[in-house]
Amino acid sequence: MVGRELDAVVVGAGFAGMYMLHRLRGMGLAVRVFEAGGEVGGTWYWNRYPGARCDVESVEYSYQFSDELQQEWVWSERYATQPEILRYANHVADRFDLRRDIQFDTRVTAASFDEAAGRWRIATGDGAEVSAAFCIMATGCLSSPNRPQFKGLERFQGATYQTGDWPHEGVDFTGLRVGVIGTGSSAIQAIPLIAQQAPHLFVFQRTPNYAVPAQNAPLDPEVQRKVKANYAALRARAKEGRTGLLYPINPLPASAVSAVEQEREYQARWERGGLGFIGSFVDLLVDRRSNESAAEFIRGKIRAVVRDPAVADALSPRSVVGCKRLCVDIGYYETFNRANVTLIDVNRSPIEEIVAGGVRAGGDEYQVDALVFATGFDAMTGALLRIDIRGAGGRTLKEKWAAGPRTYLGVAIAGFPNLFTITGPGSPSVLSNMLPSIEQHVEWIADAIGHLRARGLGRIEATGEAEQRWVAHVNEVANGTLFPSCNSWYIGANVPGKPRVFMPYIGVPPYVQKCNEVAANGYEGFALSA
Ligand code: N01
């Protein structure tokens, strides 16, 4: 590639960046990928905390663009662990010879559109700059860790860890009193394992979350064989579902069936395990009373497991189930029966400060040797906004998104020609199975670039009107559901000062149909030029 002008720069070598590179290279483009980490894998490279695994079943959380790949790879468990997914990512990098066009340990710091040249200038942390016709952000939705500014943190004398940026050599908590701050998906996976190692674990919970059991198990080779024999049909069926996942959504509303039937359905889904619980009834995310029946079912499970009624009560959420992402657990609630685990409700007794030897909350001091921040991410926009992105006329993305992200289809931004965002805000992304959504975006972007090249065109830009209409539509769909009703990261509520805007688009099938129509109509809503 040396000496050759770049056609495209891709930022990030997670699953999105890897496939984008493969696809564009297959079209004969000169592509370079910049990756801040030392290897491929994106979120699975950084999130190495104990218990990290995917909450989407392994046979679904995988690429489908290559049938040989999906036939040859063997998953060992129903839900793959982080190390197994990282091995898979590395296997893909080897199999498609991706590494030769990926520059690792290189963070992109700025990208600006040079109007005169009609090209992007991309700057990296090592002071270098390259230029490319297209700039594609494959920066991930959950890749910019949220680090709350706790008073006194600098005085803490123990070790601190962030789940989303975990030491590669692992952490041995043997002999250490540990505090975990946060009780989202990451904490819910890590807490049961840390509790087995640490002599004492303090869990600082601000808001309880709903967790359903994973019912994880080794993947039966016969089940895997059947999946592989039927892969094309299964993948096609998954795309018909709201989230792009295979779990069935019961067409009946909970409001139309008796309490006994509700209970039977919830119990069956509970025993099956995983995210499919939210598909128990079709109206769970639109009807509060229906949702409350699911909520009460889970609270009943928590009361049945957790022996101390006060702890069970503190662990029981009152919010809408599924409004924050449902957590999938392995022994989470049981962990609170252990004598070495203490739950501190920091909603009732807020964290006042971190002191040299621990955490002060509600007037009490909790002595810890290590603190784990399981405080989530500046989701969907964080990774984009920490790059100084400047579009036509020098306008920054930060200015443009000051009141919240605005995109056309979550893949393009008016005023930022030839810039694409894979699974950006305004697309199903985090409310879908990420791998197929990544593939859909990559293929759509590759087709758009192919369309330009076939016509001797060099520039594509979303129009302001198309973007305006899309943003209004994304909001309208969200407002017809219960999603905007809680303080979730979908709405930016977890990061102080972040604008409250519901970011993902709800509904895979209508979204894909819209993208296909836009392309079929000659990239409707985009201005194309030489
Ligand atoms: O982050 P979160 P996460 N003081 O934002 C608390 C995906 N994921 O890393 O709810 C005290 O959910 C915060 O409290 P509150 C998945 O999509 C997937 O766990 O804001 N507490 C919350 O309890 C998931 O949804 C897998 O009141 C503070 C926690 O920190 C997403 O990543 C595994 C605080 C953060 O929870 C994010 O999950 C793991 C403060 N100042 C993650 N600030 C899979 O299985 C924040 N908190 C694929």
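For ligands, and for the atoms within them, numbers begin at 1 and follow the listed sequence. Quantities reported herein were computed from a predicted structural model and do not represent experimental measurements.
Contact annotation for Phe204 and ligand 1: no heavy atom of the residue comes within less than 4.0 Å of the ligand. Residue contacts with ligand 1 for Arg53 involve N, CA, C or O but no side-chain atom from C-beta outward (heavy atoms, distance under 4.0 Å). Both the backbone and the side chain of Thr375 come within 4.0 Å of ligand 1, counting heavy atoms alone.
The environment of Arg307 atom CZ is sparse: at most 12 non-hydrogen atoms of other residues, nucleotides or ligands sit within 6.0 angstrom. Other residues, nucleotides and ligands contribute more than 12 heavy atoms inside 6.0 Å of the CZ atom of Arg95. Counting heavy-atom neighbours within 6.0 Å of Lys398 NZ, excluding the residue itself, gives a total of 12 or less.
Checked by atom type and distance alone, the side chain of Glu439 pairs as donor or acceptor with a backbone atom of Gln64 at under 3.5 Å. The backbone N or O of Tyr79 lies less than 3.5 Å from no partner atom in the side chain of Ser58, so there is not a single donor-acceptor pair. Distance alone, capped at 3.5 Å, places no donor-acceptor pair between the Asn433 side chain and the Leu245 backbone.
At least one N or O atom of Arg206, backbone or side chain, sits closer than 3.5 Å to an N or O atom of ligand 1. Residue contacts with ligand 1: Phe150 is placed with no nitrogen or oxygen under 3.5 Å of a nitrogen or oxygen of the ligand (distance criterion only). At under 3.5 Å, a nitrogen or oxygen of Asp55, whether backbone or side chain, sits near a nitrogen or oxygen of ligand 1. Considering backbone and side-chain N/O of Lys324, one or more are found under 3.5 Å from N/O of ligand 1. Polar contact with ligand 1: absent for Thr163 (N/O pair, distance under 3.5 Å).
By the 30° and 60° cut-offs, the orientation of the rings of Tyr61 relative to Phe15 is perpendicular. Using cut-offs of 30° and 60° on the angle between ring planes, the pair Tyr88 and Trp73 is perpendicular.
Ligand 1 has at least one atom lying under 4.0 Å from a heavy atom of Tyr49. Contact between Ile351 and ligand 1 is absent, with no heavy atom of the residue lying under 4.0 Å from the ligand.
Closest heavy-atom approach to atom 11 (C) of ligand 1 among the candidates Ile181, Asn347, Asn494, Val430: Ile181. By heavy-atom distance, the residue among Val346, Thr183, Leu275 lying nearest atom 22 (C) of ligand 1 is Thr183. Proximity annotation for atom 29 (C) of ligand 1: of Gly376, Ala374, Cys486, Ser319, Ala374 comes nearest, heavy atoms only. For atom 3 (P) of ligand 1, the nearest non-hydrogen atom from the set Ser186, Ala493, Ala187 belongs to Ser186.
We find that Glu296 and Arg299 are joined by a salt bridge, their nearest charged nitrogen and carboxylate oxygen being less than 4.0 Å apart. Ion pairing between a basic and an acidic side chain is recognised when a charged N comes within 4.0 Å of a carboxylate O; Arg288 and Glu292 show no such pairing.
In this structure, the protein non-hydrogen atom closest to atom 36 (O) of ligand 1 is Gly184 CA, 3.5 Å. Ranking the protein heavy atoms by distance from atom 8 (N) of ligand 1 puts Ser185 CB, 3.9 Å first. Protein heavy atom closest to atom 27 (O) of ligand 1, with residue, atom name and distance, is Thr207 OG1, 2.4 Å.
For Arg177 and Phe173, the positive end is not near the middle of the six-membered ring at less than 6.0 Å and at most 45° from its axis.
Residue-ligand proximity, Gly182 to ligand 1, at heavy-atom distances under 4.0 Å covers atoms 6 (C), 23 (O), 29 (C), 30 (O).
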